[in-house]
A.B. asks: 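Before I ask anything, let me first share the structure, which is written out below as structure tokens.
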Amino acid sequence: TGGPAFPLCANEYGGNGPEFGVTLRDYFATKAEVFPGDLQPALILALLGEPCWDSSYLGRIKWVARGEAAYRYMKADAMIAERTASEEPK
């Protein structure tokens, strides 16, 4: 997951465990740009591996939202992979 993006010690807010915070993967996913037109049905189908079975308006919106999340995490994983590759000694 790339480790925590904003780690906090447990004693800073009374939590349990050594570290908490948003993972770097989550942070990258929230910052990944999604442009109008990126989320075509064919891409969402490829990302999710299933068509939108719910023909209602809300069902379609939920399917697109799941596709957007998958798209953002795909981009985040690519960023972490590139970051890791660039840190390796050459």
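No experiment lies behind these values; they were computed from the predicted model shown.
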A.B. asks: To the nearest 0.5 Å, what is the distance between OG1 (Thr23) and CZ (Phe28)?
C.D. replies: 10.0 Å
A.B. asks: Output yes when a side-chain donor or acceptor of Trp63 lies under 3.5 Å from a complementary backbone atom of Trp53, and no otherwise.
C.D. replies: no
A.B. asks: Nearest 0.5 Å, please: how far is CE in Met79 from CE in Met74?
C.D. replies: 10.0 Å
A.B. asks: Between Arg25 and Asp77, does at least one N-O distance fall below 4.0 Å, as a salt bridge requires?
C.D. replies: yes
A.B. asks: If you compare all heavy atoms of Ala76 against all heavy atoms of Ala29, which two are closest, and at what distance to 0.1 Å?
C.D. replies: CB-N, 3.6 Å
A.B. asks: Please report the interatomic distance CD1(Ile80) to OH(Tyr27), rounded to the nearest 0.5 Å.
C.D. replies: 12.5 Å
A.B. asks: Side chains of Lys62 and Ser56: does their closest heavy-atom pair fall under 4.5 Å?
C.D. replies: no
A.B. asks: I'd like to know if Glu33 pairs up with Arg72 as an ion pair, taking the criterion as any Lys NZ or Arg NE/NH1/NH2 lying under 4.0 Å from an Asp or Glu carboxylate oxygen.
C.D. replies: no
A.B. asks: Would you name the heavy atoms of Gln40 and Gly37 that are closest together and state the gap between them?
C.D. replies: NE2-O, 2.9 Å
A.B. asks: With rounding to the nearest 0.5 angstrom, report the SG to CZ distance, Cys52 to Arg66.
C.D. replies: 9.0 Å
A.B. asks: At their closest point, which heavy atom of Leu47 faces which heavy atom of Ala70, and how far apart are they?
C.D. replies: CB-CB, 4.1 Å
A.B. asks: Can you give me the closest heavy-atom contact between Leu39 and Ile44, atom names plus distance?
C.D. replies: O-CD1, 3.8 Å
